[in-house]
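Remember, it's 1-based here, ligands and their atoms both numbered in the order they're listed.
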Amino acid sequence: MDKVEDKWNRIYSEHQRAGRAAAVLTDNSNILPVTGVALDLACGLGSNSLFLAARGLEVHAWDISTVAISCLAKHADSQGLNIQTRVLNITASVLPIDSYDLIVISHYLDRSLPPAILNATRSGGVVCYQTFTAEKEISIGPSNPKFLLQKNELQSFVPGCEILAFKDGSNNTNSDDPLAGRAFIVARKPKS
Ligand SMILES: C[S@@+](CC[C@H](N)C(=O)[O-])C[C@H]1O[C@@H](n2cnc3c(N)ncnc32)[C@H](O)[C@@H]1O
């Protein structure tokens with residue numbers, strides 16, 4: 001069977017255009033920091049990284065795909081954006097403590113990560129999650145339940161945080177809508 005990086009490298013070899021940033025960022029841009037350091041986990045071609053860097057953040061962009069990361073590095077370079085790219089297999093143990101003002105993870109669900117993501121967020125920083133839901137009424141996105149959010153599961157990823165925004169687009173079947181079949185949450189880690 002294909003290794004996960006081989007699968008994604010093949011996909012990105014055929015498709016190299018970063019699309020729109022995730023709705024969790026574009027819909028909530030008025031409440032997100034514009035200074036500091038952000039981490040885009042499982043960034044793919046980096047639409048979220050490009051969006052955040054263009055707003056003034058220093059961005060760290062991590063993904064397992066060498067093809068996606070080299071594509072993003074080229075885009076960042078050509079646009080003069082401050083994005084530090086890194087190829088790696090993301091696990092809880094690679095996340096540093098208290099290091100980021102914003103962490104975004106979109107369209108990637110690994111349930112072992114949320115506690116480490118919260119630890120990696122600075123106090124007062126924000127965590128942004130968005131992905132597909134088990135209740136989605138649209139055929140795009142994964143079908144394996146392992147990669148689909150249960151109802152209100154996002155809230156369980158951010159215990160003790162202030163919820164700044166939450167939206168469930170499970171019933172949205174407009175495939176042009178960036179939230180169709182997905183849910184997002186933006187949560188602020190309390191100031192210590
Ligand atoms: C559906 S794409 C999402 C990309 C981007 N976040 C977005 O919303 O457009 C999932 C990404 O997860 C990456 N990925 C899968 N497993 C990974 C792992 N173990 N470590 C790091 N990245 C991984 C893939 O290479 C791919 O870029």
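- We find the CG-OG1 distance between Leu113 and Thr91 to be 7.5 Å, quoted to the nearest 0.5 Å.
- Asp40 pairs with exactly one of Asn48, Leu25, Leu50 by the side-chain contact (heavy atoms from CB on, under 4.5 Å) rule, that one being Asn48.
- The shortest contact between atom 2 (S) of ligand 1 and any protein heavy atom is with Trp8 CH2, 3.6 Å.
- Side-chain contact between Asn119 and Leu95: absent, with no pair of heavy atoms (C-beta onward) separated by less than 4.5 Å.
- Electrostatic pairing of Arg111 and Glu153 counts as a salt bridge here, judged by a charged N lying under 4.0 Å from a carboxylate O.
- Looking at Ala22 against ligand 1, nothing comes within 4.0 Å, counting heavy atoms.
- Under 3.5 Å, the side chains of Asp98 and Ser123 contain no donor-acceptor pair of N or O atoms.
- Between Ile90 and ligand 1, an N or O atom pair is found at a separation short of 3.5 Å.
- If you number the atoms of ligand 1 from 1 as listed, the ones under 4.0 Å from a heavy atom of Leu88 come out as 20 (N), 21 (C).
- At the shortest separation from atom 1 (C) of ligand 1 among protein heavy atoms lies His107 O, 3.3 Å.
- Considering backbone and side-chain N/O of Ser47, none are found under 3.5 Å from N/O of ligand 1.
- Ring centers of Phe184 and Tyr129: at least 6.0 Å apart, outside the cut-off.
- Considering Tyr108, Tyr12, Trp62, Phe147 only, the shortest heavy-atom separation from atom 15 (C) of ligand 1 involves Tyr108.
- Side-chain contact between Ile105 and Ile117 is present, with at least one heavy-atom pair separated by less than 4.5 Å.
- Shortest contact from atom 7 (C) of ligand 1 to any protein heavy atom: Ser106 OG, 3.6 Å.
- Protein heavy atom in closest approach to atom 23 (C) of ligand 1: Ile64 CG2, 3.5 Å.
- For atom 13 (C) of ligand 1, the closest heavy atom belonging to the protein is Asp63 OD2, 3.3 Å.
- Remark: ligand 1 and Asp40 share no N or O pair separated by less than 3.5 Å (distance only, no angle test).
- In this structure, Ala68 falls outside the shell of residues with a heavy atom less than 4.0 angstrom from ligand 1.
- Looking only at protein heavy atoms, the nearest one to atom 12 (O) of ligand 1 is Ala42 CB, 3.4 Å.
- Remark: minimum distance from atom 19 (N) of ligand 1 to any protein heavy atom is reached at Asn89 OD1, 2.7 Å.
- Ring geometry, Tyr100 versus His60: the interplanar angle exceeds 60°, so the pair is classed perpendicular (tilted spans 30 to 60°).
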Which pairs would a plain distance check flag for residues 77-87, meaning a side-chain donor or acceptor within less than 3.5 Å of a matching protein atom at least two apart in sequence or in another chain?
unit_1	atom_1	unit_2	atom_2	d
Ser78	OG	Lys74	O	3.4
Ser78	OG	His75	O	2.9
Gln84	NE2	Glu58	OE2	3.0

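- Heavy-atom contacts of Gly44 reach the following atoms of ligand 1: 4 (C), 27 (O) (cutoff under 4.0 Å).
- Side-chain contact check for Thr133 and Asp168: no donor-acceptor pair (N or O, by modelled atom type) lies under 3.5 Å.
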